[in-house]
Visitor: 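I have a structure I would like to understand better, so I am pasting it below and will then ask my questions one at a time.
By convention in this document, chain letters (A, B, ...) are assigned in the order of the sequence lines, proteins followed by strands, and residues within each chain are numbered from 1. The structure displayed is predicted, hence computed values, not measured ones.
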Amino acid sequence: MAKITLPSRSRVAVHKFSSCDGCQLAFLNAGNDLLTLAERVQFVHFAEAGISAPIDTNVDIAFVEGSISTAEDETRIAVIRAHSRYLVAIGACATSGGVQALRNLGRGHDWLAEVYPNPDQIDSLDAACPVSDYVRVDLELWGCPVSERQLFAAIAALLGHVAPKEHNDALCMACKARGSVCVLVTRDEPCMGPLTRTGCGALCPDFGRACYGCFGPSRNANHLSWGARMREFGVTPESIVRRFHMINSGAQDCLDAGDTWRGFCHNPKIDGPSKS
Amino acid sequence: MSERHLDIRVPAINRVEGEGALDLVIHGGRIEQLAFRIFEPPRLFEKLLEGREYTEVPDLTARICGICPVAYQMSAATAIEQGYGVTVSAWTERMRRVLYCGEWIQSHALHIHLLALPDFLGYENSFAMAADYRPQLRRGMALQRLGNDLIALFGGRSVHPVGATIGGFFKAPDTQQVSALCERLSAASDEAIDLVRWLASISVPKDKQDFASVALSDGDNYPMFGDRLTSNAGLDIDVAHFEQHVIETQSPHSTALHAHLDGKPYLVGPLARMNLAYQRLPSDIAALLDELGPRFPSDNMFDSLLARGIELLYALHQATDLLGDYVADSQPRITPVPREGRGMAATEAPRGVLYHRYDLGTDGLIKSARLVPPTSQNQARMEQDLANALEAFGLDQDRDSLRHHAETVIRNYDPCISCATHFLRLNIDSR
């Protein structure tokens with residue numbers, strides 16, 4: 001990210017594309033912090049909060065939730081980019097395409113035809129894609145959903161003229177720091193913690209369940225080795241594919257790992273790629 | 001009557017969840033076109049659930065809506081359990097109710113304070129309202145926070161919580177955390193009562209409408225779960241027959257298909273629940289209602305605001321009661337044995353009845369799914385209301401007043417467009 005110079009009372013926009021609304025809730029759930037933030041920055045577009053300057057209004061920071069999946073989306077995101085100094089993609093939909101990117105895996109058009117009587121009238125692109133597939137993105141906050149902490153830390157950094165810290169370590173780091181018992185080691189749970197980036201607070205292992213990867217791939221993750229370990233636990237290749245192709249199937253690492261494991265489905269002679 | 005032509009198009013309605021538009025054409029003193037249009041792109045959830053393992057369904061369906069993920073988890077879990085013939089423990093039933101209370105509290109507090117009240121108090125949005133109503137807003141947001149924290153107690157976070165699963169919970173919250181939250185719930189009771197009194201004192205428009213109220217019936221409880229669907233027009237059916245009574249049909253003035261119950265529009269949500277079940281509220285809340293004067297049952301749609309406040313108070317008390325003698329269950333879930341079957345269930349999301357149906361296989365995979373969210377059920381009612389309400393308001397009013405009144409009517413339903421858009425069989429042409 002280039003050197004950050006934002007005015008003292010920055011103009012902020014929050015935009016929604018294809019999503020569940022859960023990431024902009026990080027603002028709306030912030031309670032009194034939201035009221036304080038509204039005094040420190042000027043919200044100029046935030047439709048759910050009742051503020052809607054035209055999308056071609058110049059802003060300092062634009063937060064974008066949701067994936068790009070219609071022709072109208074494609075036009076709108078270009079306009080937003082052209083009028084925003086910093087564009088921050090928030091949440092899985094905006095950073096990887098989100099859960100709806102599952103339709104990109106081959107049957108999307110058939111699905112439309114099965115759901116809608118006249119699929120040709122639906123304004124829908126062939127794929128649900130991350131914002132960065134269409135425009136330059138200055139900062140990505142991964143997670144389904146992003147947390148208030150992530151969001152406010154990023155805003156504080158931007159307003160303080162420093163580059164926000166990127167959190168892409170494996171979740172295991174946060175899980176150890178929290179002092180949770182490792183569910184993969186002690187209970188043979190198919191925990192995706194070793195492959196998933198931090199940011200959620202390592203919630204699932206604390207609840208005694210396997211991480212399901214909702215914060216997206218961490219750096220230097222070894223998806224093939226993880227899958228091979230899961231085979232040793234008795235997890236089927238089909239189930240391994242589903243784990244990679246879930247909330248962040250549009251992230252390249254998840255997509256590739258799932259596709260690789262798909263090659264081992266329905267083949268009793270092959271257990272999977274060798275661990276190395 | 002004037003011959004003026006008024007074409008009001010609201011391309012994106014503010015202060016609602018998601019992206020919806022209003023098309024209104026008035027010509028010669030008559031409404032010529034009226035449609036509450038949903039143009040969010042389809043996310044095809046029913047299709048992407050096919051072939052997934054049953055254990056993944058609560059985590060996947062939660063992603064339909066960030067405001068009511070618990071509702072999606074509860075309807076999914078109860079439907080799949082029904083399909084697999086699982087009866088959950090009494091502890092799980094109670095704790096699910098507590099978890100759901102958390103969602104009612106946060107969702108209602110959010111709608112009342114950030115989405116609805118600016119309409120009734122005459123502000124553009126809640127930030128502008130903060131100048132004059134800061135204490136009330138702070139109180140509302142503290143209640144919203146409390147609801148979120150109650151969800152997080154059972155699921156780690158309030159948006160897409162991770163604790164609930166088919167058969168129960170992954171973990172029983174520990175006793176210390178529960179008692180700390182219980183104290184906060186008790187302490188908030190007076191605040192919630194003050195909120196209800198305040199809401200009752202706010203003057204809302206009169207919008208008397210003729211409609212059927214539909215809600216689940218939950219024995220002697222105010223409805224949250226329940227296996228019968230009832231209405232004030234005499235309906236009383238097993239939820240398993242939902243799809244035989246609720247039919248989605250195409251409306252001539254809109255490209256969206258609307259849900260009709262036995263051929264007619266109907267209302268689900270807080271006002272419908274109050275109309276059907278106000279007599280099942282606990283005695284302390286009933287006494288408060290008596291003191292406020294007779295408001296329920298109500299045919300004024302704008303009493304939805306007060307209904308939300310009362311339900312918020314109810315949820316707060318209910319959670320406090322259910323957690324009062326809390327003991328952590330050492331077996332908080334039952335693991336089902338997959339079998340061939342079909343499971344159907346509905347629960348009361350903050351916005352109303354949320355129906356799920358799953359066809360399940362012995363391999364534990366979902367063969368097909370059908371989800372009917374409250375907003376698509378209310379859509380026909382909403383358009384009918386809009387037409388009546390605008391005529392009562394006066395079609396000769398100026399453009400801005402008409403537009404504002406129409407938006408107020410829509411917002412009053414608390415429509416959740418992210419929910420509705422994935423299931424309504426829409427024919428959209430948004431360009």
Visitor: Would a distance-only check, ignoring hydrogens and angles, find a side-chain to backbone donor-acceptor pair under 3.5 Å from B:Arg145 to A:Asn32?
Guide: no
Visitor: Can you tell if the side chain of A:Glu48 reaches within under 4.5 Å of the side chain of B:Leu114, non-hydrogen atoms only?
Guide: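 Sidechains of B:Leu114 and A:Glu48: no contact.
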Visitor: Around atom CZ of A:Arg40, are there more than 12 heavy atoms from other residues, nucleotides or ligands closer than 6.0 Å?
Guide: no
Visitor: Quick one: what part of A:Ile247 sits under 4.5 Å from any heavy atom of chain B, side chain, backbone, both or neither?
Guide: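 Only the side chain of A:Ile247 comes within 4.5 Å of chain B.
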Visitor: Under a 4.5 Å cutoff for heavy-atom pairs, which residue among B:Arg411, B:Gln144, B:Arg15 has the most contacts with chain A?
Guide: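 It is B:Arg15.
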Visitor: Which answer fits A:Glu39, side chain, backbone, both or neither, if we ask what part of it has an atom under 4.5 Å from a heavy atom of chain B?
Guide: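 The side chain, not the backbone.
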Visitor: Go through B:Glu53, B:His113, B:Glu56, B:Arg157 and name the one with the most non-hydrogen pairs under 4.5 angstrom from chain A.
Guide: B:Arg157
Visitor: In terms of heavy-atom pairs under 4.5 Å, which option from A:Ser239, A:Pro145, A:Gly31 contacts chain B the most?
Guide: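 Ranked by contacts with chain B, first place is A:Pro145.
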Visitor: Check each atom of A:Cys23 against the heavy atoms of chain B and say whether the ones under 4.5 Å are side chain, backbone, both or neither.
Guide: neither
Visitor: So do the side chains of A:Leu25 and B:Leu110 get within less than 4.5 Å of each other, counting heavy atoms only?
Guide: yes
Visitor: Taking the side chain as everything from C-beta on, heavy atoms only, tell me whether B:Ile64 gets closer than 4.5 Å to A:Cys20.
Guide: no
Visitor: With a 4.5 angstrom heavy-atom cut-off, which part of A:Ala128 approaches chain B: side chain, backbone, both or neither?
Guide: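 No part of it gets close to chain B.
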Visitor: Among A:Leu28, A:Asn29, A:Asp21, which residue meets the side-chain contact (heavy atoms from CB on, under 4.5 Å) test with B:Ile67?
Guide: A:Asp21
Visitor: The test is side-chain contact (heavy atoms from CB on, under 4.5 Å); show your working for B:Leu44 and A:Gln100 and say whether it passes.
Guide: CA-CA 7 Å; B:Leu44 306 173; A:Gln100 61 271 17; over 6 Å; no
Visitor: Check step by step if side-chain contact (heavy atoms from CB on, under 4.5 Å) holds for B:Asp59 and A:Met246.
Guide: CA-CA 10 Å; B:Asp59 294 322; A:Met246 196 171 161; 3.9 Å; yes
Visitor: Can you tell me how far the CG atom of B:Leu60 sits from the CG atom of A:Leu102, to the nearest 0.5 Å?
Guide: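 Going from CG on B:Leu60 over to CG on A:Leu102, the span is 7.5 Å.
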Visitor: Who among A:Cys200, A:Cys93, A:Cys214 has the most heavy-atom pairs with chain B under 4.5 Å?
Guide: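 Sorted descending by pairs with chain B, the first entry is A:Cys214.
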Visitor: Looking at A:Arg103 and B:Glu50, does any basic side-chain N land under 4.0 Å from a carboxylate oxygen?
Guide: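 The answer is no: the pair does not qualify as a salt bridge.
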Visitor: Please report the shortest heavy-atom distance between A:Phe207 and B:Gly163, naming the atom on each side.
Guide: CD2-CA, 3.9 Å
Visitor: Where does B:Phe127 contact chain A at under 4.5 Å (heavy atoms): side chain, backbone, both or neither?
Guide: side chain
Visitor: Tell me, yes or no, whether the heavy-atom count around B:Glu124 atom CD, taken from other residues, nucleotides or ligands under 6.0 Å, exceeds 12.
Guide: no
Visitor: Any side-chain heavy atom of A:Phe46 within less than 4.5 Å of one from B:Asn125?
Guide: no
Visitor: Is it the side chain or the backbone of B:Leu365 that comes within 4.5 Å of chain A heavy atoms, both, or neither?
Guide: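 The side chain, not the backbone.
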Visitor: Do you know the tightest heavy-atom contact between B:Val159 and A:Gly22?
Guide: CG1-CA, 3.8 Å
Visitor: Just so I understand: if I count every heavy-atom pair under 4.5 Å between each of A:Ala92, A:Gly208, A:Ser52 and chain B, which residue has the most?
Guide: A:Ser52
Visitor: Heavy-atom cut-off 4.5 Å, strictly under: side chain, backbone, both or neither for B:Ser158 against chain A?
Guide: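 Just its side chain gets close to chain A.
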Visitor: For B:Met141 and A:Leu35, what are the C-alpha separation, side-chain angles and deciding distance, and is it a side-chain contact (heavy atoms from CB on, under 4.5 Å)?
Guide: CA-CA 10 Å; B:Met141 287 172 157; A:Leu35 297 181; 4.0 Å; yes
Visitor: Using a cut-off of under 4.5 Å for heavy-atom pairs, which of A:Cys144, A:Ala101, A:Ala26 has the most such pairs with chain B?
Guide: A:Cys144
Visitor: Sort A:Glu148 into side chain, backbone, both or neither according to what part of it lies under 4.5 angstrom from a heavy atom of chain B.
Guide: side chain
Visitor: A quick test of your reading: do over 12 heavy atoms of other residues, nucleotides or ligands sit less than 6.0 Å from CZ of A:Arg149?
Guide: no
Visitor: Any side-chain heavy atom of A:Leu203 within less than 4.5 Å of one from B:His160?
Guide: no
Visitor: Of all the heavy-atom pairs spanning A:Tyr212 and B:Arg63, show the shortest one and how long it is.
Guide: OH-NH1, 2.9 Å
